[in-house]
Trainee: 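Provided herewith is a single structure, encoded as structure tokens, for subsequent inquiry.
Throughout, protein chains are lettered first and strands after them, A, B, ... in sequence-line order, and every chain is numbered starting at 1. For the numbers below, each heavy atom of this structure counts, side chains included, while hydrogens, waters and symmetry mates do not.
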There are 2 protein chains.
Amino acid sequence: MGRSENSNTAEDLLQLSQQLCFALYAATHAFNRAYKPLLAPLELTYPQYLVMLVLWEADDLTVKEIGSRLQLDSGTLTPLLKRLETARLVERVRDSADERQVRVHLTESGRALRKKAEGIPKKLAQAIGRPIPDIVALRQQLTDLRARMDAVAG
Amino acid sequence: MGRSENSNTAEDLLQLSQQLCFALYAATHAFNRAYKPLLAPLELTYPQYLVMLVLWEADDLTVKEIGSRLQLDSGTLTPLLKRLETARLVERVRDSADERQVRVHLTESGRALRKKAEGIPKKLAQAIGRPIPDIVALRQQLTDLRARMDAVAG
DNA sequence: CACAATTAAATTGTGCACAATTTAATTTAT
DNA sequence: ATAAATTAAATTGTGCACAATTTAATTGTG
């Protein structure tokens, strides 16, 4: 109000970036809530689902390799992978060639779960309810944003 | 590859929406990592910072009111607010008119902290490093997305 | 008025996320 | 070959996030 479009003050700028952070934070939580009922039949949490997606794409990875794909460290992954092992979806075995590494591979039921998971993204896409190009563009913007943030935070 | 732009199969669509979810998830975590060093001097976590932003905008709110602004429930807020109280940034008092409610208000040092926080969004905006209209557009898209997700998940 | 239903916080329990440290194996540079 | 440095997981501890339950106060209804 009373300020032209081309004279963004420092305050405007600050406020805007705050809103972006909060919008991101809120959208992520809303997404997680939307995923919950879709993942419930598989008895997976969203982070567990991400790990399964990674393994469905490339099986038999080390904890480190899974971590680099999802930007998570062993402090997060070790207990998560133990839960997946307890659920008989994966097995964790020390690499005999390099005993520091633990290789994670799918069990038969881990591979079988993929079938049950196939319907999920479609339902979620319906929930998003936007044209494909919009989804692509938004995804790309978020990926760029992440790259910038990573560059800042290391 | 070998598929025209206008023939998105069900699989494409599924894959795309998966990527959007993951991009959102990854961008949020990258944001949190970028915030950490900026919030460290204030000794606040990002969720604590969000609560302080809410209170700086409108002081003396009930736990419920804070929760509706941030989409968080008492299970999350009660321990967080107790930590802010321990840090002497807020005080929690039962409402004498309705003893079920707890009103949260800033202390003098809670109000004073705002000065130290003022520099943060600017640094973050620099980290984002994009033109204002792009930030506005992205924020709007995320807000819309959240609204759709909330509509689905209740 | 009494009592059922509702509401606001708090509590309990599970599961990330991440910093910091520890343990053990491997690599590198003497 | 051996000591130092590096690497991969695991562990420890803090702080969300959220479902489910509990407690206590208030409101609504017969």
Trainee: Is the shortest side-chain N to carboxylate O distance from R146(B) to D150(B) below 4.0 Å?
Mentor: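 Salt bridge present between R146(B) and D150(B).
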
Trainee: Rounded to the nearest Å, what distance is computed from the CG atom of residue D73(A) to the P atom of nucleotide dA8(D)?
Mentor: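 Distance, rounded to whole Å: 13 Å.
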
Trainee: Ion pair present between K115(B) and E118(B), side-chain N to carboxylate O less than 4.0 angstrom?
Mentor: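 Not counted as a salt bridge, because no side-chain N and carboxylate O are separated by less than 4.0 Å.
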
Trainee: How close or far is atom P of dT14(C) from atom CG of L84(A), stated in whole angstroms?
Mentor: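 Between P of dT14(C) and CG of L84(A): 17 Å.
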
Trainee: In terms of heavy-atom contacts, does CZ of R88(B) have more than 12 from other residues, nucleotides or ligands at under 6.0 Å?
Mentor: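 Open: at most 12 neighbouring heavy atoms sit under 6.0 Å from CZ of R88(B).
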
Trainee: Only pairs with both distances under 3.5 Å count, Watson-Crick or wobble alike; so what is the partner of dG30(D) in this structure?
Mentor: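 WC or wobble partner is dC1(C).
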
Trainee: Donor-acceptor pairs under 3.5 angstrom involving side-chain atoms of residues 44-60 of chain A: please list them, not counting sequence neighbours.
Mentor:
from: T45(A); atom 1: OG1; to: Q48(A); atom 2: N; distance (Å): 3.2
from: Q48(A); atom 1: OE1; to: T45(A); atom 2: N; distance (Å): 3.1
from: W56(A); atom 1: NE1; to: G110(A); atom 2: O; distance (Å): 2.9
from: D59(A); atom 1: OD1; to: L106(A); atom 2: N; distance (Å): 2.9
from: D59(A); atom 1: OD2; to: L106(A); atom 2: N; distance (Å): 3.4
from: D60(A); atom 1: OD2; to: R103(A); atom 2: NE; distance (Å): 3.4

Trainee: Look at the side chain of D98(B) and decide which nucleotide, out of dC16(D), dA25(C), dT26(D), has an atom nearest to it.
Mentor: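 The nucleotide sitting nearest to the side chain is dT26(D).
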
Trainee: Taking OP1 and OP2 of dC16(C), is either one under 4.0 Å from a side-chain nitrogen or oxygen of Y25(B)?
Mentor: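 For Y25(B), the contact criterion (side-chain N or O under 4.0 Å from OP1 or OP2 of dC16(C)) is not met.
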
Trainee: How long is the line joining CG of L70(B) and P of dC16(D), in whole Å?
Mentor: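 Result: 12 Å.
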
Trainee: Nearest nucleotide by nearest heavy atom, which residue falls closer to the 5' end of DNA chain C, Y46(A) or E99(A)?
Mentor: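 That would be Y46(A).
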
Trainee: Any ion pair linking R100(B) and D95(B) (charged N to carboxylate O, less than 4.0 Å)?
Mentor: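 No.
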
Trainee: Taking OP1 and OP2 of dC16(C), is either one under 4.0 Å from a side-chain nitrogen or oxygen of Q48(A)?
Mentor: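 For Q48(A), the contact criterion (side-chain N or O under 4.0 Å from OP1 or OP2 of dC16(C)) is met.
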
Trainee: Taking atom C1' of dA17(C) as reference, at what distance in whole Å does atom CG of L50(A) sit?
Mentor: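 In whole Å, dA17(C) C1' and L50(A) CG are 13 Å from each other.
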
Trainee: Output the rounded distance in Å from CG (D95(B)) to C1' (dT26(D)).
Mentor: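 So the two atoms are 12 Å apart, to the nearest Å.
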
Trainee: Restricting both atoms to N or O, compile the protein contacts to nucleotides 9-11 of chain D shorter than 3.5 Å, with distance only.
Mentor:
from: dA9(D); atom 1: OP1; to: V63(A); atom 2: N; distance (Å): 3.3
from: dA9(D); atom 1: OP1; to: V102(A); atom 2: N; distance (Å): 3.3
from: dA9(D); atom 1: OP2; to: K64(A); atom 2: N; distance (Å): 2.9
from: dA10(D); atom 1: OP1; to: R92(A); atom 2: NH2; distance (Å): 2.6
from: dA10(D); atom 1: OP2; to: T78(A); atom 2: OG1; distance (Å): 2.7
from: dA10(D); atom 1: N7; to: S74(A); atom 2: OG; distance (Å): 2.7
from: dT11(D); atom 1: OP2; to: K82(A); atom 2: NZ; distance (Å): 2.7

Trainee: Any side-chain N or O of R83(B) less than 4.0 Å from the OP1 or OP2 oxygen of dC16(D)?
Mentor: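 Answer yes for this pair, as a side-chain N or O of R83(B) is under 4.0 Å from OP1 or OP2.
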
Trainee: Within the structure shown, what part of the strands sits under 4.0 Å from A40(B) by heavy-atom distance: base, sugar-phosphate, or nothing?
Mentor: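 The residue A40(B) makes no contact with any strand.
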
Trainee: Round to a whole Å and report the spacing from NE2 of H29(B) to C1' of dG15(C).
Mentor: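 To the nearest whole Å, that distance equals 13 Å.
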
Trainee: Between L39(A) (CG) and dC18(D) (P), how many Å, whole number?
Mentor: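 Going from CG in L39(A) over to P in dC18(D) covers 15 Å.
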
Trainee: Please tabulate, for the side chains in residues 74-82 of chain A, all donor-acceptor contacts under 3.5 angstrom to protein atoms that are two or more places apart in sequence or on a different chain.
Mentor:
from: T78(A); atom 1: OG1; to: S74(A); atom 2: O; distance (Å): 2.9

Trainee: Given atom CZ of R33(A) and atom P of dA19(D), what is their separation to the nearest angstrom?
Mentor: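 Result: 8 Å.
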
Trainee: Between K36(B) and S96(A), name the one whose nearest nucleotide on DNA chain C is closer to the 5' end.
Mentor: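 The 5'-side residue here is K36(B).
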
Trainee: Is there a side-chain polar atom (N or O) of T45(B) under 4.0 Å from OP1 or OP2 of dC16(D)?
Mentor: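 Yes, because at least one side-chain N or O of T45(B) sits under 4.0 Å from OP1 or OP2 of dC16(D).
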
Trainee: Run the salt bridge (charged side-chain N to carboxylate O under 4.0 Å, His left out) test on R92(A) and E85(A) for me, step by step, so that the C-alpha distance in whole Å, both residues' side-chain angles and the decisive distance to 0.1 Å come before the verdict.
Mentor: CA-CA 7 Å; R92(A) 296 155 62 247; E85(A) 190 170 42; 3.0 Å; yes

